[in-house]
Number of protein chains: 2
Amino acid sequence: MMGVTIKDIAKQAGVSPATVSRVLANKAGFFGAQTAQKVRQTAKELGYRKNTAATELVTQRSHDLAVIVNTTKTNFATQIIEGIQATAFPADLNVIILYAGDGDAERQRRALETVIERSVRGILLLSVDLAPENLALLQSTEIPYCFLSISFEGPKMPFITSDDWQVGYQATKYLLERGHRRIGLAAVDTQVSITGQLREAGYRQALAEAGITPRPTWIHPGDYSYPAGQAAMQAYGAHPDVTAVLAGSDLAGIGVMNQARMLGLMVPVDLSVMSIDGTDLCDIVQPQLTSLTQSFYDMGVAGVNRMLATETPQQQRFTPIQVVARDSVVDFVART
Amino acid sequence: MMGVTIKDIAKQAGVSPATVSRVLANKAGFFGAQTAQKVRQTAKELGYRKNTAATELVTQRSHDLAVIVNTTKTNFATQIIEGIQATAFPADLNVIILYAGDGDAERQRRALETVIERSVRGILLLSVDLAPENLALLQSTEIPYCFLSISFEGPKMPFITSDDWQVGYQATKYLLERGHRRIGLAAVDTQVSITGQLREAGYRQALAEAGITPRPTWIHPGDYSYPAGQAAMQAYGAHPDVTAVLAGSDLAGIGVMNQARMLGLMVPVDLSVMSIDGTDLCDIVQPQLTSLTQSFYDMGVAGVNRMLATETPQQQRFTPIQVVARDSVVDFVART
DNA sequence: ATCGGTTTTGTAAGCGATTACTAAATTGAA
DNA sequence: TTCAATTTAGTAATCGCTTACAAAACCGAT
């Protein structure tokens, strides 16, 4: 049952356990060349496997970086994770990913406790909206953490995300520049999440600067999902009061487009659709979705770098956004 | 820096560390009610956090189930993971997910070593094609493991997946039943992977039973990706020799459809397209993709159950497949 | 030969929990 | 009241590794 320990290697190689430990941990300058050779040799022969639990117990430090993702449904998470992987790997950090059920506080707690009790090196939370008690739990530890792709009011929470006000503002601005004046906002959570509120505020500001006051029917809040996009479009109806719709996510944008088709509307001829996110999905749907693209990969990179940094840099940081024009938005032309 | 230990609690509560351990680990029947009360109380007051490393060191057992995924790109992985989560959670197993770069043996090794050195309870590998040395590494441990959504020749490797021969056979059969006789096979890896070879064999058998011998141009191998689907369709050309195409994955199927559109072909009027997998993607594209749908969620469930089982059940198991008709396949009607 | 300095190695004390073993306290029956 | 059985609690060893400290071993220079 039990495996090979450094003592076994020590005995076999005729050295002390301390020496074995030093060689295997590569504490350069603390052992001779031929000793190292012999130790490594016997370690391999014996099929030695380090016991991480023992190491972490004594060093009080792990080489693991934990990533907690809210749900498997967020498709941009993979891009962030790729950025995380690419940055963590060379830094000799192992990335472990845990899913916390969407709004499930119990699962959040389990995921958090799992990584906290392991004393991971850092915790990155991908658009996780933590329940208050779980936030307290997270903050009660010494473990550095950073939220990704989600923002908070006030200066105390560390996060890296897009400037959501700018997201709403720039996207709306783009649609205005294309001649649209009656612009819808769909499947954005304007009720509870700060993200959604900021996006709506940016949207309203852009409209205001163009001298436009959005009618209540233009805004159909939702949870960024595909059904939310469908529902919003269903509400706009077959003769929408808007000529363009800004959707809260790519999936929501696709929901809007498909529902529009169901209603007999051609995108982009009868209705322009723009989505927020800019994931691969935009390229594979027809027509290809024009998007306000976020820098998800960069978020992952920046998140890991923050965990790596010894002194804490600025608490909050924004990653770039840009409009990527594809085929779902066209210049508005008045119908006769 | 350092945290609260059971000794601190013991001192504070006026009991021995052993008692604290028993209470906190809920070793029922080994402590009095009021003692338990007091211990739990002080543990909470002191903000105690269990040290998993210490526990695992002495118990030689972890509560973690490791899932190793080949790449972030496989979109069906999320379904499997959901099945895993749903089954592991009630069984008091924590699921940790690690990505191993697609074909990158080095990253595979890192991921494997990470979980092996932690003595996780079990390892589930999602369509990971392990390099030989890494397979040896995996097998050199006592840790139970099981491959998901990938198969192997011979009876020695434990896996749970769809019967890939049936996948090819059933899908092709379905297209034959819809009147098609010239059927393409696209973006399936018929070169190196056993999965692809089985699918092709099933495809050929179904055709053979209908008295058809596929022409070489009908089969365009690929890596199941979107570009592979595009490339295959590009090769079929604007006047394809086939009336229906079976694509290796949903993304590949979408690639086929989009490329067909580029070539001026209408799906499904000019060409029927069927994909293998049946993920959410099928429902959000236009036209909705008819698919040979796999039971990914069930694979996850079955995988966890196998890790949970004490006595090893059958090594290899197939999960159900079914044809889900949507809009991308229509009955073949000869053109005039 | 002696000495300070550098490498290299060994000894032993933990890290924080679990648990076998022992012992005290409590209980109930005779 | 006494004794055996049962609960409840304590003592101390242990898991496998790291590392402070001490001690050889080796070096050239005096």
Side-chain angles (χ1 to χ4, degrees), chain A residues 1-40 42-43 46-64 113-114 116-120 141-142, chain B residues 1-40 42-43 46-64 113-114 116-120 141-142:
Chain A
M1 181 63 207
M2 260 333 305
V4 181
T5 73
I6 57 170
K7 277 191 186 168
D8 300 324
I9 299 175
K11 202 169 301 175
Q12 182 80 11
V15 297
S16 75
T19 299
V20 176
S21 171
R22 287 190 271 251
V23 170
L24 263 27
N26 247 301
K27 292 255 174 287
F30 284 93
F31 51 79
Q34 67 275 44
T35 316
Q37 173 62 28
K38 187 168 45 180
V39 167
R40 280 193 258 263
T42 48
L46 266 38
Y48 170 76
R49 295 264 125 237
K50 141 189 274 218
N51 182 323
T52 305
T55 302
E56 290 184 355
L57 179 57
V58 49
T59 62
Q60 306 283 350
R61 155 163 283 222
S62 129
H63 279 167
D64 291 355
E113 280 188 344
T114 301
I116 288 173
E117 290 171 355
R118 281 195 172 295
S119 309
V120 295
T141 74
E142 304 274 311
Chain B
M1 180 63 205
M2 260 330 306
V4 182
T5 74
I6 57 169
K7 277 189 185 169
D8 301 324
I9 299 175
K11 201 169 301 174
Q12 182 80 12
V15 298
S16 75
T19 299
V20 176
S21 172
R22 288 191 271 251
V23 170
L24 263 27
N26 246 302
K27 293 253 173 287
F30 284 92
F31 49 81
Q34 67 274 41
T35 316
Q37 173 64 26
K38 187 168 43 180
V39 167
R40 280 193 256 265
T42 48
L46 267 39
Y48 170 75
R49 294 265 125 237
K50 142 189 274 216
N51 183 323
T52 304
T55 302
E56 290 184 356
L57 178 57
V58 50
T59 61
Q60 306 283 351
R61 155 163 281 224
S62 134
H63 280 168
D64 291 354
E113 281 188 344
T114 301
I116 289 173
E117 291 172 355
R118 281 195 172 293
S119 308
V120 295
T141 73
E142 304 274 311

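Every heavy atom of this structure was used, including side-chain atoms; hydrogens, water molecules and symmetry mates were not.
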K.L.:
State which of C:dG16, D:dG16, C:dT19 makes the closest approach to the side chain of A:V58.
P.N.:
D:dG16

K.L.:
Would the number of heavy atoms belonging to other residues, nucleotides or ligands and lying under 6.0 Å from NZ of A:K38 be above 12?
P.N.:
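Enclosed.
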
K.L.:
Rounded to the nearest angstrom, tell me the gap between atom CD in B:E117 and atom P in D:dC17.
P.N.:
10 Å

K.L.:
Could you state the atom-to-atom distance from NZ of A:K50 to P of D:dG16 in whole Å?
P.N.:
15 Å

K.L.:
Output the rounded distance in Å from CZ (A:R49) to P (D:dG16).
P.N.:
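From A:R49 CZ to D:dG16 P: 16 Å.
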
K.L.:
How many whole angstroms separate atom CZ of A:R61 from atom C1' of C:dG16?
P.N.:
19 Å

K.L.:
D:dT14 C1' sits how many Å from B:E56 CD, rounded?
P.N.:
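Distance check: B:E56 CD to D:dT14 C1' gives 17 Å.
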
K.L.:
For C:dG16, does either OP1 or OP2 sit under 4.0 Å from a side-chain N or O belonging to A:Q60?
P.N.:
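Yes.
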
K.L.:
Quick one: is B:T5 getting a side-chain N or O under 4.0 Å of the C:dG16 phosphate, OP1 or OP2?
P.N.:
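For C:dG16, neither OP1 nor OP2 has a side-chain N or O of B:T5 closer than 4.0 Å.
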
K.L.:
Run the numbers on B:R118 and A:D64 for side-chain contact (heavy atoms from CB on, under 4.5 Å), then give the verdict.
P.N.:
CA-CA 11 Å; B:R118 281 195 172 293; A:D64 291 355; 2.6 Å; yes

K.L.:
Name the nucleic acid region contacted by B:T52, choosing base, sugar-phosphate or nothing; use a 4.0 angstrom heavy-atom cut-off, strictly under.
P.N.:
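B:T52: no heavy atom of the nucleic acid under 4.0 Å.
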
K.L.:
What nucleotide among C:dA12, C:dA17, D:dA9 has an atom nearest to a side-chain atom of B:R22?
P.N.:
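Nearest to the side chain of B:R22 among the choices is D:dA9.
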
K.L.:
Kindly say whether A:Q60 contributes a backbone atom to a donor-acceptor pair with the side chain of A:S119 at under 3.5 angstrom?
P.N.:
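Side chain of A:S119 to backbone of A:Q60: no pair is present.
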
K.L.:
Could you tell me whether B:V15 contacts a base, only the sugar-phosphate backbone, or nothing, with contacts defined as non-hydrogen atoms closer than 4.0 Å?
P.N.:
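Sugar-phosphate contact only.
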
K.L.:
Classify A:S21 by what it touches in the nucleic acid, base, sugar-phosphate, or nothing, heavy-atom distance under 4.0 Å.
P.N.:
base

K.L.:
Can you figure out which of D:dA20, D:dT18, D:dA9 approaches the side chain of A:I6 most closely?
P.N.:
D:dT18

K.L.:
How many Å lie between CG on B:D8 and P on C:dG16, as a whole number?
P.N.:
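Roughly 9 Å, once rounded to whole Å.
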
K.L.:
Whole angstrom is fine here: how far is it from CG in A:N51 over to P in D:dT18?
P.N.:
10 Å

K.L.:
Spell out, as yes or no, whether a donor-acceptor pair under 3.5 Å connects the side chain of B:S21 to the backbone of B:P17.
P.N.:
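Side chain of B:S21 to backbone of B:P17, a donor-acceptor pair under 3.5 Å: no, none is there.
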
K.L.:
Take atom CZ of B:F30 and atom P of C:dC21, then tell me their distance rounded to the nearest Å.
P.N.:
13 Å

K.L.:
What nucleotide, of C:dA17, C:dC15, C:dT19, holds the atom closest to the side chain of B:K27?
P.N.:
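Looking only at heavy atoms from C-beta outward on B:K27, the closest nucleotide is C:dT19.
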
K.L.:
OP1, OP2 of D:dT18 versus side-chain N and O of A:T55: anything below 4.0 Å?
P.N.:
yes

K.L.:
On DNA chain D, nearest-nucleotide positions of A:L24 versus B:T59: which is more 5'?
P.N.:
B:T59

K.L.:
Are the side chain of A:N51 and the backbone of A:A53 linked by a donor-acceptor contact shorter than 3.5 Å?
P.N.:
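Yes, the answer is positive, given that a donor and an acceptor are paired below the 3.5 Å cut-off.
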
K.L.:
Does the side chain of B:T19 get closer than 4.0 angstrom to OP1 or OP2 of D:dG10 through an N or O atom?
P.N.:
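Affirmative; the distance criterion is met.
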
